[in-house]
Amino acid sequence: MTTATERLYYADPFLTHFTGHVVAHGTWNGQPSVVLDRTAFYPEAGGQMADRGVLGGRAVRDVQVDDAGVVHHLLEPAGDTPLPAPGTALTGDIEPVRRRIHMALHTGQHMLSCALVNVAQAHTVSSRLGETVCTIDVDLDVLDERLVAEAEAQVNALIDADVPIRSFFPTPEELAALPLRRAPKVTDNIRVVQIAGHDVSPCGGTHCTRSGQVGLVRVLGVERYKGKGRVFFSAGGRARSELWQEAATLRALARGFSCAPLEVPTSVDKLRRDLTEAREALGAARAKLAEATAAELAGQLERSPERRVVAVLEGAGPEELRSVAARLTNRPGAVVLLAGRSPEGLAVLLSRGAGATFGCGAFLKRAAEAVGGRGGGRPEHAEGRLPPQTDWPALVASLLGT
């Protein structure tokens, strides 16, 4: 039986280079794995993602740990090359940027979880440090965003204070005396992370050794999720990168508006007002155009023995067609068959006034089948889209036999 793997990151979370010996080959979810006597690779656990890097010259694509504490290193395939044989000494190199980001995120999560208790009596029930999103779920269904902001400020003040962080395995007597924020999930070999003057929690993850190494903690949002409050956050290098990206976006917007970055909100508000005014003006213009178009088509309607008008309105979309049709179908017995041509195709609308018996939906279905279009509707109103090259008046005439 393979014994539990010695985990070197417990003693030194900054360790990224080590040597271990292969003690066995294993499997994880049906995939072959390498088991070492000791490792600095962190296996996925406790909401923290696994390390990546190189082991024995081969890329490590995943690291997992089983219930017996055996760490499984899953290597990228290398053709027909077999896994290193038991007894082989392997050099491992952990990807340092990923490790450092995870250290800051996990330490930041501890600090923020503790601050949420201090400020809002919101106790963490679960947390997740994902590849792009980090979350803390608390036992309150509603979180006051002002209190969350206060907790964020408390954490960043602690970061500025650069207090020491200790990770250790206390004796049973020491453990009993510690003010743990939450109960341990295991009963043996309980490891504790203690952030001086702030938080004491059982945890097996990789953590910073001083609070200043976290850099910053940033709350990104708060929402209600499955009956609990969820806090989205970032920390360390990831938070820095996000801030730089956002700052670059803000500067680009400022250049586009020819203003200072902090004046962008004012420019956006002005743009919104201008857009609202433009939309109102466009709506008024469209109404006038629809009125004029309907007046022009009304003559054709009055001259038609069947009280029918067929027309193609260049550039008109469904909304414009509806507006024109509404002004024509207020006449009793009117039947309106309109089309609007655009690069995307021919928008068509059929509608009838009171007293008319023309079946709009059935007719449009026949028209669509004839030219390979689509559409349908009720007897009194139907809409669809036909191929752009469709000759609408000729199609209507052929289907009506006129």
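For the numbers below, each heavy atom of this structure counts, side chains included, while hydrogens, waters and symmetry mates do not.
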Heavy-atom side-chain contact between [X] and [Y] under 4.5 Å:
{"X": "R224", "Y": "K228", "result": "no"}
{"X": "R7", "Y": "R38", "result": "no"}
{"X": "R279", "Y": "L275", "result": "yes"}
{"X": "H110", "Y": "I195", "result": "yes"}
{"X": "L337", "Y": "F363", "result": "yes"}

Polar side-chain atom of [X] near backbone of [Y] as donor-acceptor pair, under 3.5 Å:
{"X": "Q194", "Y": "V200", "value": "no"}
{"X": "R366", "Y": "L399", "value": "yes"}
{"X": "S234", "Y": "A239", "value": "yes"}
{"X": "R98", "Y": "A50", "value": "yes"}
{"X": "T88", "Y": "P84", "value": "no"}
{"X": "W28", "Y": "H73", "value": "no"}
{"X": "R100", "Y": "F14", "value": "no"}
{"X": "T329", "Y": "S351", "value": "no"}

Which residue, R52, R61, R128, forms the salt bridge (Lys or Arg N to Asp or Glu O under 4.0 Å) with E44? R128
Is it the case that atom CD in E296 sees more than 12 heavy atoms from other parts of the structure closer than 6.0 Å? no
Counting only pairs under 3.5 Å, give me each side-chain donor-acceptor contact of residues 253-265, with atom names and distances, residues two or more places apart or in other chains.
unit_1 : atom_1 : unit_2 : atom_2 : d
E263   : OE1    : A260   : N      : 3.1

Side-chain H-bond candidate by donor/acceptor type, [X] with [Y], under 3.5 Å:
{"X": "T209", "Y": "Q213", "result": "yes"}
{"X": "D66", "Y": "Q64", "result": "no"}
{"X": "T39", "Y": "E6", "result": "no"}
{"X": "D93", "Y": "H17", "result": "yes"}
{"X": "H207", "Y": "S167", "result": "no"}

Closest contact, heavy atoms only, [X] versus [Y]:
{"X": "P43", "Y": "Y9", "result": "CD-OH, 3.3 Å"}
{"X": "C134", "Y": "R238", "result": "SG-NH1, 3.5 Å"}
{"X": "R341", "Y": "P388", "result": "NH1-O, 2.6 Å"}
{"X": "A151", "Y": "A115", "result": "O-CB, 3.6 Å"}

Any cation-pi pair here, R230 with Y225, using under 6.0 Å and within 45°? yes
Determine, for F168 and R166, whether the Lys NZ or Arg CZ falls below 6.0 Å from the six-membered ring centre while staying within 45 degrees of the axis. yes
Show me the donor-acceptor pairs, under 3.5 Å and distance only, between side chains in residues 284-291 and residues at least two apart or in other chains.
unit_1 : atom_1 : unit_2 : atom_2 : d
R286   : NE     : E320   : OE2    : 3.1
E291   : OE1    : R327   : NE     : 2.7

